[in-house]
Asker: 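Dumping the structure here so I can ask a few things about it.
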Amino acid sequence: MTPDRQIRITEVALRDGLQGHTTFVPTEQKLLLLRSLSKAGLNNIEATSFVSPKAVPQLADAEELIARSRDLPGVQLSALALNLKGVERAIDSGVHEVAVVLSATDTMNRKNAGMSLHQATIASEDVIRRAASHQLPSRAYISVAFECPFEGAVPSEVVLRLALRMLEAGATELVIADTIGAAGPAQVQELCRVLAESIPVERIGLHLHDTRGLGIANAWAGISVGIRRFDSSAGGLGGCPFAPGAAGNLATEDLVLMAESGGYATGVDLPALYDAVELASQITGRELGGRSMSWARTRRDAALVGSS
Ligand code: COA
Ligand code: ZN
């Protein structure tokens with residue numbers, strides 16, 4: 001498979017998925033899920049956040065989780081940090097990569113990180129530089145890149161300006177996040193095209209939410225303009241607790257099915273991924289799964305009936 005036909009998925013169920021879950025999922029169960037995702041071929045896993053445990057108590061076990069999973073063979077483990085304290089904790093824990101989130105609007109940064117847009121931009125640059133000084137790659141997210149729940153539509157020039165600041169600070173990858181699932185395929189294509197005029201397209205990723213059922217169409221729109229890096233969440237588990245209207249992420253199983261059926265390789269084994277989604281459902285007590293999971297369940301139930 002040529003590089004142009006390869007899709008790199010960063011699995012975010014453990015971070016974006018569990019950060020908004022109603023209860024704290026014990027570390028042991030998080031580890032089971034992490035291993036199950038890795039068994040399915042998901043080698044890039046965003047496992048947790050090094051943020052204030054008061055702000056996100058669900059991920060208060062970040063140190064322990066990373067310490068107990070960083071040696072999993074072949075897995076690139078990343079964790080989110082929003083400030084210097086967070087990146088120091090991440091580095092000390094032994095993560096392989098840091099993810100930093102800068103929101104595109106002033107209000108969203110204040111709600112999410114207690115900082116103005118200006119302060120958050122500087123804090124993100126500091127995180128990236130500190131990671132680089134420890135030879136750690138960093139993914140810089142521009143969140144609410146299409147629409148902010150507080151300030152409305154976000155101009156593409158704003159996203160481009162912030163993206164360039166992150167890359168100049170040393171970010172190795174840029175991720176455009178549709179945090180509340182407000183974009184449609186045309187907006188995805190337009191923003192990606194604008195960014196790709198100034199940034200190598202191989203360094204741009206998309207983080208999509210499926211709030212209005214457009215996640216998979218948006219991913220295909222991204223592929224059509226050369227994007228090959230995507231975030232997604234097993235079972236579609238996810239949503240930012242600080243962004244009203246944020247619903248589940250694009251489900252990894254839907255992304256994999258779409259990409260593979262379009263002739264792109266993901267390295268993910270779908271039946272093993274369905275097992276991971278079942279495990280995530282048990283752990284969270286929620287019926288999870290994208291459309292392809294419902295299809296798989298129906299087929300499995302039909303096969304069971306057939307064999308009985
Ligand atoms: N890890 C652990 N604790 C941290 C921390 C970090 N990275 N950053 C700050 N804190 C602690 C401080 O030590 C302080 O603790 P104290 O109350 O015991 O003294 C407390 O958090 C408040 O710190 P302060 O610097 O005043 O920041 P704040 O209250 O404005 O909060 C954040 C800033 C970024 C720490 C907080 O908003 C946060 O963690 N948000 C999480 C956002 C998130 O995860 N969003 C979803 C993904 S984008
Ligand atoms: Zn998200």
Side-chain angles (χ1 to χ4, degrees), residues 6-21 25-51 56 58-59 61-81 86-87 89-91 93-101 131 136-141 172-173 175 177 205-209 228-240 248-256 259 265-270 272-281 283-284 288 290:
Q6 266 154 13
I7 302 284
R8 203 203 68 174
I9 296 175
T10 299
E11 168 57 51
V12 299
L14 285 152
R15 198 279 299 168
D16 211 349
L18 294 184
Q19 71 181 6
H21 189 54
V25 171
T27 314
E28 209 59 54
Q29 293 189 3
K30 287 177 181 152
L31 284 164
L32 280 178
L33 181 57
L34 201 153
R35 287 192 207 105
S36 177
L37 293 164
S38 135
K39 209 169 140 200
L42 289 155
N43 295 325
N44 294 285
I45 296 184
E46 187 171 289
T48 188
S49 293
F50 288 94
V51 294
V56 186
Q58 296 89 337
L59 306 182
D61 58 347
E63 271 85 358
E64 187 187 350
L65 185 70
I66 297 295
R68 294 178 63 190
S69 54
R70 70 181 164 213
D71 295 328
L72 213 57
V75 174
Q76 171 94 348
L77 272 189
S78 61
L80 191 146
V87 71
R89 288 176 57 208
I91 291 166
S93 76
V95 291
H96 306 131
E97 185 180 29
V98 171
V100 61
V101 176
L136 288 185
S138 51
R139 293 198 314 279
Y141 285 74
T172 40
E173 180 179 342
V175 187
L206 277 174
H207 174 106
L208 300 166
H209 281 257
R228 297 291 179 269
R229 293 169 180 258
F230 292 89
D231 282 6
S232 58
S233 168
L237 186 65
C240 176
N249 290 59
L250 169 63
T252 307
E253 59 275 22
D254 288 353
L255 175 64
V256 169
T266 61
V268 177
D269 175 33
L270 260 183
L273 175 56
Y274 293 141
D275 290 344
V277 175
E278 292 290 8
L279 180 63
S281 290
I283 286 173
T284 57
L288 296 171

Asker: Side chains of Asp16 and Ser233: any donor to acceptor distance under 3.5 Å?
Answerer: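 The criterion, which ignores hydrogens and geometry beyond distance, is not satisfied for Asp16 and Ser233.
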
Asker: Considering residues at least two apart in sequence or located in another chain, which fulfil the side chain to side chain donor-acceptor pair (under 3.5 Å) criterion with Asp254?
Answerer: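 Here the qualifying residues are Ser292.
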
Asker: What is the minimum heavy-atom distance between Gly238 and His209, and which atoms define it?
Answerer: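 Reported closest heavy-atom pair: C-CE1, 4.5 Å.
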
Asker: Mark yes or no for whether Glu173, through its side chain, and Val175, through its backbone, hold a donor-acceptor pair below 3.5 Å.
Answerer: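 Answer holds: no.
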
Asker: I'd like to know if the side chain of Arg70 reaches the main chain of Leu77, judged simply by a donor and an acceptor atom lying under 3.5 Å from each other, with no hydrogens or angles considered.
Answerer: no

Asker: Mind checking the CD-CD spacing from Glu97 to Gln76? Nearest 0.5 Å is all I need.
Answerer: 5.0 Å

Asker: Which heavy atom of Glu46 sits nearest to which heavy atom of Val12, and what is that distance?
Answerer: CB-CG1, 4.0 Å

Asker: Looking only at non-hydrogen atoms, find the nearest pair between Gln58 and Leu18 and report the distance.
Answerer: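 Shortest heavy-atom separation between Gln58 and Leu18 comes out as CB-O, 3.3 Å.
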
Asker: Show your working on side chain to side chain contact (heavy atoms under 4.5 Å, CB included) between Leu59 and Leu80 and close with a plain yes or no.
Answerer: CA-CA 11 Å; Leu59 306 182; Leu80 191 146; over 6 Å; no

Asker: What heavy-atom pair brings Gly235 and Val277 nearest, and what distance separates the two atoms?
Answerer: N-CG2, 3.6 Å

Asker: Going from NE2 on His21 to CD1 on Ile283, what distance comes out if it is rounded to the nearest 0.5 angstrom?
Answerer: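 If I round to the nearest 0.5 Å, the distance is 9.5 Å.
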
Asker: Measuring only between side-chain heavy atoms, which start at C-beta, is Phe50 closer than 4.5 Å to Val95?
Answerer: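 Touching, per the 4.5 Å side-chain cut-off.
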
Asker: Looking at every heavy atom in both Ser281 and Leu288, which two are closest together, and how far apart are they?
Answerer: OG-N, 3.1 Å

Asker: Could you go through Ile91 and Leu136, starting from their C-alpha distance and side-chain angles, then the distance that decides it, and tell me whether this counts as side chain to side chain contact (heavy atoms under 4.5 Å, CB included)?
Answerer: CA-CA 8 Å; Ile91 291 166; Leu136 288 185; 3.9 Å; yes

Asker: Could you go through the side chain to side chain contact (heavy atoms under 4.5 Å, CB included) check for Leu279 and Ser36 one step at a time?
Answerer: CA-CA 8 Å; Leu279 180 63; Ser36 177; 3.8 Å; yes

Asker: Output the distance between atom OG1 (Thr27) and atom CG (Leu32), rounded to the nearest 0.5 Å.
Answerer: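 Going from OG1 on Thr27 over to CG on Leu32, the span is 11.0 Å.
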
Asker: Is the closest side-chain donor-acceptor distance between Arg139 and Ser78 under 3.5 Å?
Answerer: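 Checked: Arg139/Ser78 side chains pair up, N/O donor to acceptor below 3.5 Å.
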
Asker: Under 4.5 Å between any side-chain heavy atoms of Glu28 and Glu64, yes or no?
Answerer: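 No, their side chains stay 4.5 Å or more apart.
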
Asker: If you look at every heavy atom in Gly41 and Val268, which pair is closest and at what distance?
Answerer: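 Taking Gly41 first and Val268 second, the nearest heavy atoms are O-CG2, 4.3 Å.
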
Asker: Can a donor-acceptor pair be found, under 3.5 Å and without considering hydrogens, that links the side chain of Thr10 to the backbone of Asn44?
Answerer: no

Asker: Quick check for you: to the nearest 0.5 Å, what is the distance between Thr266 atom OG1 and Phe230 atom CZ?
Answerer: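 Thr266 OG1 to Phe230 CZ: 12.0 Å, rounded to 0.5 Å.
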
Asker: With a 4.5 Å heavy-atom cut-off, do Ser38 and Val75 have their side chains touching?
Answerer: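 Yes; the side chains approach each other to less than 4.5 Å.
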
Asker: As an exercise, state the distance from CD of Glu11 to CG of Asn249, rounded to the nearest 0.5 Å.
Answerer: 8.5 Å

Asker: Quick check for you: to the nearest 0.5 Å, what is the distance between Leu34 atom CG and Ile45 atom CD1?
Answerer: 4.5 Å

